[in-house]
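These numbers were taken from a predicted model, which means no experiment stands behind them. Counting from 1, the numbers follow the sequence of the chain as shown. Just so you know, ligand 1 is whichever comes first in the structure, and atom 1 is the first atom listed for that ligand.
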Amino acid sequence: MFLYTGKSRLAISAQFNSIGGFTDSASSCPIGWDLSFVQISVINCAATATNINTDSAEVGPESNDSVGSSLEAAAVEMESVSKAISDVQLDNIMENNLNGSQENSTGKNELSGFWKNANETMQKFDANKDQHLDFAEFSALCEALFVNNGKAYTIEEKTLRTIFKIFDQNSNGVLCMYEFTECYNAWIKKILNPVSAIVVIDVQNDFISGSLALKNSPAHQDGAEVVEPINRMLENVAFDKVFYSLDWHPTNHISFADNVNLRKLDKSSPIQDPNEAKEFDVVVFEGPPLMEQKLWPRHCVQKSWGAQLQDDLKVLPDGQMIYKGTNPDRDSYSALFDNAKTSSTDLVGLLSEFGITDVYVCGLAADFCVGKFMSVETCHNVLFIVKKNKNLTLVLLTLTGFTGKDALDLGYRTIFVEDATRGITMEGINATHENLIENHAILVQTDEVKDMVSGVDRRPELGLKLALEIEKKRLQNGKTEKN
Ligand SMILES: [Ca+2]
Ligand SMILES: [Ca+2]
């Protein structure tokens, strides 16, 4: 059985061997499903307006023009798919699992050799030929999986045990074929064959040489310096998708100091007379909602020179612009929220539509509000943009659009391209780096990116991140089923 989306790469010829939340009660071995895979697929289904036949569990394409339909629609479709799956004959699913998926669900390259399918991989690493992978056998697999141009990375045993435990769903100390099939489909395949997007953040005139030039901020970094490494990446690396984000404010934006008269100050505002308010002061607007607001110089006004991408930045013809801060009444924090619910929905949708597994982040400014956002468990932090500091905004765009019991949980593997970013304060930059690493993102240099995107440099940290996401989704799915 297949899901068709009419879009080649993502088309989820899903064979339902990687769909979340199903347990074979007749067997001691739970069958693993990769929810994210189907989520991505289902969004795509929704975007191409598929119809779902819940009896046959087949999804067919339908010519239509509703590309970009809402994510709620996707969630509804998701439910339909789930229902359809539960009617499917278990035997067929198992058979598909055992055969391994010949379809390349996410990646662009054909997998070959012993990585070709779950069965071949199992045979390769099942040293004692008992049709199970014990921890030692799994460790050997990881040694072959996590390499840089053939050279194995050293992986801590603790990390290996964490990953092994995630896939050993019945905790009997070995991976049976069913468990391993999930491991293969949801994890190994994506590691071998990542689908990569780069998000070039706010490389705009105002942040480089305009009203909020980075070089005037405490770290005195020159924003223009990101242009060369970013261009180098865009020229040499075959990203699956390229996004450019732009701060894009209307002239009456709440954050501009010279707009302070446009809105009423609240009684609680530390400055009561708007004529006394200056740039970088904090005021409180009456709202609703009540809004504490730092006042910034006018910057990145829609269609102005300051909002334009820096002249030398390479803009690929198929690169997509992501506009943010477009709501006049939202400050940066609310814009974050707002971004998360509206403008980031576009980005979420796009990342999903293209089956992105890995997000590379570069641009301005490198710092973001540490802890405040990244520590939020449910917030699958991904892209950060600009929000506040002494004299620059530092916004964090989080992909929080999907919440609730059937929430789509998009935990992308995130790669921060260190030499293609510049920040505001050294403290902020260092804290950002630490925070990224704690959250299983990695820092790399521009020249390392090509091999990672092509799948010849495969980092264990990102493998751990993906495994943790699989576990998180499984738990969420379990809760959903109980409710
Ligand atoms: Ca074995
Ligand atoms: Ca097991």
Practice task
Could you grab the angle centred on the Ca ion (ligand 2), going from O in V174 to OD1 in N170, to 10°?
Solution key: 160°

Practice task
May I ask you to check whether N128 brings an N, O or S atom to under 3.0 Å from the Ca ion (ligand 1)?
Solution key: yes

Handout entry: Flag, side chain of K241 to backbone of G319, donor-acceptor distance under 3.5 Å
Key = no

Handout entry: Side-chain (S245) to main-chain (D202) donor-acceptor, under 3.5 angstrom
Key = yes

Problem - the Ca ion (ligand 1) contact by E137, N, O or S atom under 3.0 Å - result: yes

Problem - the Ca ion (ligand 2) to nearest N/O/S of N172 less than 3.0 Å - result: yes

Completion exercise
Atom name of the N, O or S atom of E179 nearest to the Ca ion (ligand 2) is OE1

Practice task
Tell me whether the guanidinium CZ or amine NZ of R161 lies under 6.0 angstrom from the six-membered ring centre of F135 and within 45° of its axis.
Solution key: yes

Problem - Crowding at CD, E156 (>12 non-hydrogen neighbours, <6.0 Å) - result: no

Handout entry: Crowding at CD, E143 (>12 non-hydrogen neighbours, <6.0 Å)
Key = no

Handout entry: D168, N/O/S atom nearest the Ca ion (ligand 2)
Key = OD1

Practice task
Measure from the Ca ion (ligand 1) to every N/O/S atom of D126 and report the name of the nearest one.
Solution key: OD1

Exercise for the section: Over 60° means perpendicular and under 30° means parallel, so classify the ring planes of F167 and F138, tilted if in between. Expected result: tilted

Fill in the blank from the handout: The atom name of the N, O or S atom in D130 nearest to the Ca ion (ligand 1) is OD1

Practice task
May I ask you to decide whether E469 forms a salt bridge with K465, counting only side-chain N to carboxylate O separations under 4.0 Å?
Solution key: yes

Practice task
Return the name of the atom in H132, of element N, O or S, nearest to the Ca ion (ligand 1).
Solution key: O

